[in-house]
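Down below is the structure, laid out as C-alpha cells.
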Amino acid sequence: MAMFKIKKGDMVKVIAGRDKDKEGKVIAVNRKNQTLLVEGINMITKHTKPSMQNQQGGIVHQEGPIHISNVMYLHKGQPTRIGFKFDGDKKVRFAKSTGDVID
C-alpha cells in the first residue's frame, strides 16, 4: 500500500470533478480504495427504510467517497503539495510551497 500524505482532520481543496474548487475537512481515509470522505463534498442522496436507528426512514444526504488524487492539501489557505523530511530523528510532513512543517 502506498503512503498517504493526507490524513483525517486535514483541510483539503478539490482540484477535479463536479465539486472543483470547494474546500472541506477530511472525515475519513480509506487506504484500500485510495478514497477520502470530505465534509460537504460529493454529496449523495440515499433512500433508507425505517429501522431502529432511523424510525422515519426517507431520503438521507451524505458525503460520498472522492479519490485522493482529486484533492490537494490546504496550507494557510493555499493548495500545496506535501513532502516528508526528518526533523531530528522524527519523520514529519512539510508544505512544499513554503517549507513549513505541518505536523
Side-chain angles (χ1 to χ4, degrees):
M1 260 192 260
M3 178 73 157
F4 281 4
K5 296 178 179 179
I6 296 175
K7 297 180 180 178
K8 180 180 176 180
D10 287 347
M11 286 296 293
V12 294
K13 182 175 186 174
V14 179
I15 58 172
R18 181 178 67 195
D19 293 322
K20 186 175 179 178
D21 295 329
K22 289 185 182 177
E23 300 172 359
K25 189 175 183 179
V26 176
I27 301 169
V29 178
N30 185 340
R31 296 176 62 83
K32 184 178 178 186
N33 297 334
Q34 299 180 351
T35 58
L36 306 169
L37 287 180
V38 183
E39 278 183 3
I41 305 295
N42 196 22
M43 296 301 286
I44 59 173
T45 56
K46 188 174 182 180
H47 299 265
T48 58
K49 287 185 175 182
S51 65
M52 293 302 284
Q53 290 86 11
N54 186 4
Q55 298 283 336
Q56 196 68 12
I59 299 172
V60 177
H61 298 281
Q62 64 186 31
E63 291 88 359
I66 184 169
H67 197 268
I68 197 164
S69 66
N70 294 333
V71 298
M72 210 166 184
Y73 181 81
L74 280 178
H75 180 67
K76 297 181 181 174
Q78 296 293 333
T80 182
R81 291 181 296 156
I82 297 176
F84 288 101
K85 65 180 178 182
F86 285 95
D87 190 19
D89 60 344
K90 187 176 181 186
K91 188 176 179 182
V92 293
R93 296 187 300 166
F94 74 97
K96 289 208 173 186
S97 60
T98 61
D100 296 341
V101 173
I102 297 168
D103 55 3

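Atoms considered below: every heavy atom in the structure, side chains included; atoms not considered: hydrogens, waters and symmetry mates. Because the structure is a prediction, the values reported are computed rather than measured.
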Work out which heavy atom in Asn42 is nearest to a heavy atom in Asp19; give both atom names and the distance. N-OD2, 2.5 Å
Sequence neighbours left out, what passes side chain to side chain donor-acceptor pair (under 3.5 Å) with Asp10? Give chain and number order. Arg93
Roughly how far, to the nearest 0.5 Å, is OH of Tyr73 from CE of Met11? 9.5 Å
Is there a continuous path of hydrophobic side-chain contacts, each under 4.5 Å between heavy atoms, that joins Val26 to Phe4? yes
Where the side chain of Asn70 meets the backbone of Ala16, is there a donor-acceptor pair that is under 3.5 Å apart? no
Note: Lys7 and Val29 closest approach over all heavy atoms is C-CG2, 4.2 Å
Could you tell me whether the side chain of Thr48 and the main chain of Gly58 form a donor-acceptor pair under 3.5 Å? yes
Please list all pairs meeting salt bridge (charged side-chain N to carboxylate O under 4.0 Å, His left out) that have one or both residues in residues 56-75, counting only residues at least two apart or in different chains. none
Nearest heavy-atom approach of Ile102 to Phe94 is CD1-C, 3.9 Å
Going by salt bridge (charged side-chain N to carboxylate O under 4.0 Å, His left out), name the pairs with one or both residues in residues 44-61, residues two or more places apart or in two chains. none
Just jot down the side chain to side chain donor-acceptor pair (under 3.5 Å) partners of Ser51, sequence neighbours excluded, or say none. none
Specify the closest pair of heavy atoms between His67 and Asn33, including all atoms of both residues, with the distance to one decimal. CD2-O, 4.3 Å
Atom CD of Gln62: over 12 foreign heavy atoms under 6.0 Å: yes
List the atom pairs, with distances to 0.1 Å, where a side-chain N or O of residues 78-91 and a protein N or O form a donor-acceptor pair under 3.5 Å, not counting sequence neighbours.
from, atom 1, to, atom 2, distance (Å)
Thr80, OG1, Ser97, N, 3.2
Thr80, OG1, Ser97, OG, 3.0

In one Ile/Leu/Val/Met/Phe/Trp/Tyr side-chain cluster, 4.5 Å: Ile66, Ile27: no
Under a 4.5 Å cut-off applied to non-hydrogen side-chain atoms, are Val14 and Val38 in contact? no
Could you grab the distance from atom CD of Glu23 to atom CD1 of Ile41, nearest 0.5 Å is fine? 8.5 Å
Report the residues that fulfil side chain to side chain donor-acceptor pair (under 3.5 Å) with Asp100, sequence neighbours left out, ordered by chain and then residue number. His75, Lys76, Thr98
